[in-house]
Amino acid sequence: MDHRLVIVESPTKARTLKKFLGKGYDVRASVGHIIDLPKSKLGVDVENNFKPHYITIRGKGKLLKELKQAAAKAKTILLATDPDREGEAISWHLSQALKISDGNACRVLIPEFTKSVVSDAFKNPRSLDLDKVNSQQARRVLDRLVGYKISPILWDKLQYGLSAGRVQSVALKIICDRETEVQAFSPREYWTIALDVEAAGKGVFTLDLKKIDGADIDIGDEAAAQAVLNDVRAMDLAISSVDQTRRQQRPSAPFITSTLQQSASRRFGFSTKKTMIVAQQLYEGVDVGKRGPIGLITYMRTDSTRVSARVQEETREFIEKSFGANYVPKDIPQYKSKKANVQDAHEAIRPTDMALSPKDVKRHLTDDQYKLYSLIWTRYLASQCCPTEFNQTRIEVNAGKYLFRAVGRQLVFDGYLKVYDQFPNLIQRPDDALLPDVNVQEKLAIKEEKPEQHFTQPPPRFTEASLVKTLEENGIGRPSTYSAIITTMLDRKYAEKKEKLLFPSELGMTVVDLLSESFPNIMNVEFTAAMEAELDAIEQGDDPWQAVLERFYSDFAKDLERAKEQMRNLKREVVETDIDCSVCSQKMVIKRGRYGKFLACSGYPQCKNTSELPKEGEEPTKRKVEFLEEKCEKCGSPMQLRSGRFGKFKACSDYPKCKNTKPLLNKIGVPCPLEGCEGEVVSRFTRRKKMFYGCSKYPKCDFTSWVRPAPGRCPLCSAFLVEKR
């Protein structure tokens, strides 16, 4: 039977698409990339115009074979991966693997998973955008060159296993620079002055001191504050001006990727990674009952606040029906991005169907999905409503060289705030700050003086949200990379998160120092932003991707050679301490090894004593050698207990002559439940450090369980018991 083969990235997206396409379509998922650069080597031929060497990703061979078999049976092959650079690259790799001819109209772009949009997309497939593919390919090669060329230098000079990233290293430097500012900050004292005053019979209100001799106030100590108050006490206070105006406050623009990540972090404490995972679920489709799976939001990797004219007209009708005609603005709202280099490839993040309110679909969503969908739905709907309007009153008092001011306001039309009334946890309605009805020249009596001492605060450490904002403002990375940048820094232990704040680790600070000295361009914010602009130029077809790489690599190669020779070798540097060696009494020194810093005897190699580096306030402890009663079955020497990167294990004491090792069996006090076995249940770990339970007699006994067994047997069926989760 003739049919069309459609390939997307994820199984969830495939299920959603099947519902819209129906019969005649075979929808399959590639599960992300199927082809990439090899992990074991550079994979880029620098001497041959930076030609990349792509291979099938390990574990994807069977899937690729199945896709090829399906393609051989299909009349037409359509590639419906994500509508961005990376999605275009995945489609291009698929087209190469499935031998789809160049120029074939095989590419389908789906900005939202709704019936009408999907139908239109499949009626208008286009050929692959090779400029977009080349832009992504250039980014991939750039990142590979930086990572695979710099990392070995860090292994040699600092610590094995470290890695560098073209964009992540700059982001880490931003965090480290802020930490340096915080540590170097010296607080400065300053004072503010407020007066509670009363106009005869009209109530008390507060005046704040704003200017002295026309300049912003700068009161450095209590004596200066008292001098101001002494001056003011001697004056007759009278109102100099009363200004009443009608003001408006516009709603915020619809979400883009960065603002969504920032708002989700502030409102719900979501990490950038979690926000993007949940948003991906909402985009790919959620089963909402009778309507089946449907994408609830548009594509969530975007830097544009643009919304299609058709959708805005539909939204205006929805607002009028839901809230009234007075909430529909006369002109359709348009929002401009604050960034200069907006790609504008996709609309802003918005709901696909305003009729599907968060409360209507709540029972079909997880708690996290509901929170994020509520945030997106209300933000978009509010952005299309009228501004709020309020009356603002400003009272000023000129007392000699001092200017005091009081500002009050009263909400007269709630405008877009009406939307948030359905979800009051997302935004707080402003309270009215009313001032009494007073006149110019009216006398005021001081009821209370309020001098207040303050101290300047250091610049705040970054949260994930504020770091994303800084990266966006500086043109570093793109919407699809913000989450990966932060996740990578945390995974590599270059930074850590404490109470939502990002702190650089000692290792992170050291890496930044070394890279800043040896690779000033790589660690330069402006250089990184300029490189992003060059990648954009490739996408627009304005610059060949190999030419961009050539310009980059010509300087980078020189920095590499210089770094190999001149970068400080911290592995060889030792720091003397006043700690005595517990074996030979010589002084211990701090060295760096495979797993970080440790204490070693300065008499090495005659004395090989080492110990863990003590924490501040702790005494150093010698690494104890604990011998076991068990003998090595290979040489007969006593076995000893040792520690490695994956925990404790048993090893022969005659190492390195005998390298026999055995896992340490942690018995849980339960006999093996298999009949005839005399072993005991022990806890073990998989290669990925996931705990399971097995028999101590393995491999003779193959009993295993993911759940912790308990003593005894079930009185009903005699099966072995487990602890309740």
Side-chain angles (χ1 to χ4, degrees), residues 36-44 46 50 52 138-180 467 471 474 476-478 481-496 502-532 534-535 548-549 551-571 573 592-597:
D36 198 4
L37 298 173
K39 286 187 176 181
S40 58
K41 57 183 180 180
L42 180 64
V44 178
V46 177
F50 301 95
R139 177 186 291 277
R140 187 74 183 94
V141 171
L142 271 173
D143 292 344
R144 176 56 65 99
L145 290 172
V146 171
Y148 276 50
K149 292 287 188 179
I150 295 181
S151 296
I153 300 176
L154 291 177
W155 301 350
D156 181 53
K157 306 289 186 178
L158 180 58
Q159 184 175 314
Y160 180 80
L162 298 180
S163 58
R166 182 181 62 88
V167 180
Q168 295 92 329
S169 296
V170 177
L172 177 61
K173 184 177 187 299
I174 290 173
I175 295 176
C176 292
D177 288 348
R178 177 61 56 87
E179 186 65 23
T180 301
L467 180 60
L471 293 176
N474 286 280
I476 298 173
R478 283 296 179 260
T481 64
Y482 298 140
S483 175
I485 290 170
I486 295 172
T487 301
T488 301
M489 284 192 297
L490 295 175
D491 288 346
R492 291 175 179 171
K493 309 299 183 186
Y494 291 159
E496 56 185 339
L502 295 172
F503 290 78
S505 65
E506 181 189 0
L507 178 62
M509 296 285 280
T510 304
V511 168
V512 165
D513 288 343
L514 291 179
L515 294 183
S516 296
E517 291 175 7
S518 299
F519 299 95
N521 284 341
I522 295 295
M523 301 301 286
N524 183 278
V525 170
E526 290 77 16
F527 179 85
T528 305
M531 185 58 65
E532 292 291 351
E534 292 197 56
L535 293 173
V548 171
L549 291 174
R551 291 196 297 270
F552 166 80
Y553 196 75
S554 60
D555 290 332
F556 180 60
K558 298 174 185 176
D559 290 340
L560 282 171
E561 293 305 315
R562 188 163 46 248
K564 290 175 184 178
E565 299 296 327
Q566 299 179 10
M567 182 184 283
R568 291 172 57 203
N569 193 325
L570 296 183
K571 272 188 175 181
E573 290 183 7
R592 285 184 178 271
R594 185 183 183 94
Y595 306 116
K597 293 180 179 180

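Position 1 is the first residue of the sequence, and the numbers go up from there. Keep in mind that the numbers below use all heavy atoms, side chains included, and drop hydrogens, waters and symmetry copies.
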Mind checking what makes salt bridge (charged side-chain N to carboxylate O under 4.0 Å, His left out) contact with R139, not counting sequence neighbours? E532
Tell me, which pairs form a salt bridge (charged side-chain N to carboxylate O under 4.0 Å, His left out) where one or both residues lie in residues 505-528, sequence neighbours left out? E506-K597
Run the side-chain contact (heavy atoms from CB on, under 4.5 Å) test against K39 and tell me which residues pass, sequence neighbours left out. Y148
Closest non-hydrogen atoms of S151 and A164, given as atom of the first, atom of the second and distance, are OG-N, 3.2 Å
List the residues meeting salt bridge (charged side-chain N to carboxylate O under 4.0 Å, His left out) with E561, not counting sequence neighbours, and say none if there are none. K564
Do you know the tightest heavy-atom contact between R568 and E573? NH2-OE1, 3.2 Å
Among all residues two or more places apart in sequence or in another chain, which pass the salt bridge (charged side-chain N to carboxylate O under 4.0 Å, His left out) test with R551? E534, D543
Tightest non-hydrogen contact, residues L471 and A171, listed as CD2-CB, 4.0 Å
Reported CG-to-OG distance for the pair L172 and S505, which is rounded to 0.5 angstrom: 7.5 Å
About how many Å separate CZ of F519 and CD1 of I150, when rounded to the nearest 0.5 Å? 4.0 Å
With sequence neighbours excluded, give me every side chain to side chain donor-acceptor pair (under 3.5 Å) pair touching residues 166-180. D143-R166, K173-D177, E179-Q183, E179-R461
Evaluate the side-chain proximity of V167 to V146: yes if any heavy-atom separation is below 4.5 Å, no if none is. no
Return the set of residues passing side-chain contact (heavy atoms from CB on, under 4.5 Å) with P152 (not counting sequence neighbours), or none when no residue passes. W155
Between atom OG of S516 and atom CG of N524, what is the distance when rounded to the nearest 0.5 Å? 9.5 Å
Kindly give the heavy-atom pair with the smallest separation between I153 and A563, and that separation in Å. CD1-CB, 4.2 Å
If you round to the nearest 0.5 Å, how far is CD1 of I476 from OG1 of T481? 10.0 Å
Applying side-chain contact (heavy atoms from CB on, under 4.5 Å) to V511 and not counting sequence neighbours gives L154, L158, L162, Y494, L507, L515
Rounding to 0.5 Å, atoms CE (M567) and CG (D156) come to a distance of 9.5 Å
Tell me which pairs pass salt bridge (charged side-chain N to carboxylate O under 4.0 Å, His left out) where either residue lies in residues 486-495, with sequence neighbours left out. none
Rounded to the nearest 0.5 Å, what separation is found between the CD atom of Q159 and the OG1 atom of T510? 9.5 Å
Please give me the minimum heavy-atom distance between V170 and I522, naming the atom from each residue. CG2-O, 2.9 Å
Quick check: closest heavy atoms across N474 and A529, and the distance to 0.1 Å? O-CB, 3.2 Å
Partner residues of K149 under the side-chain contact (heavy atoms from CB on, under 4.5 Å) criterion, sequence neighbours left out: L42, Y553, F556, L560
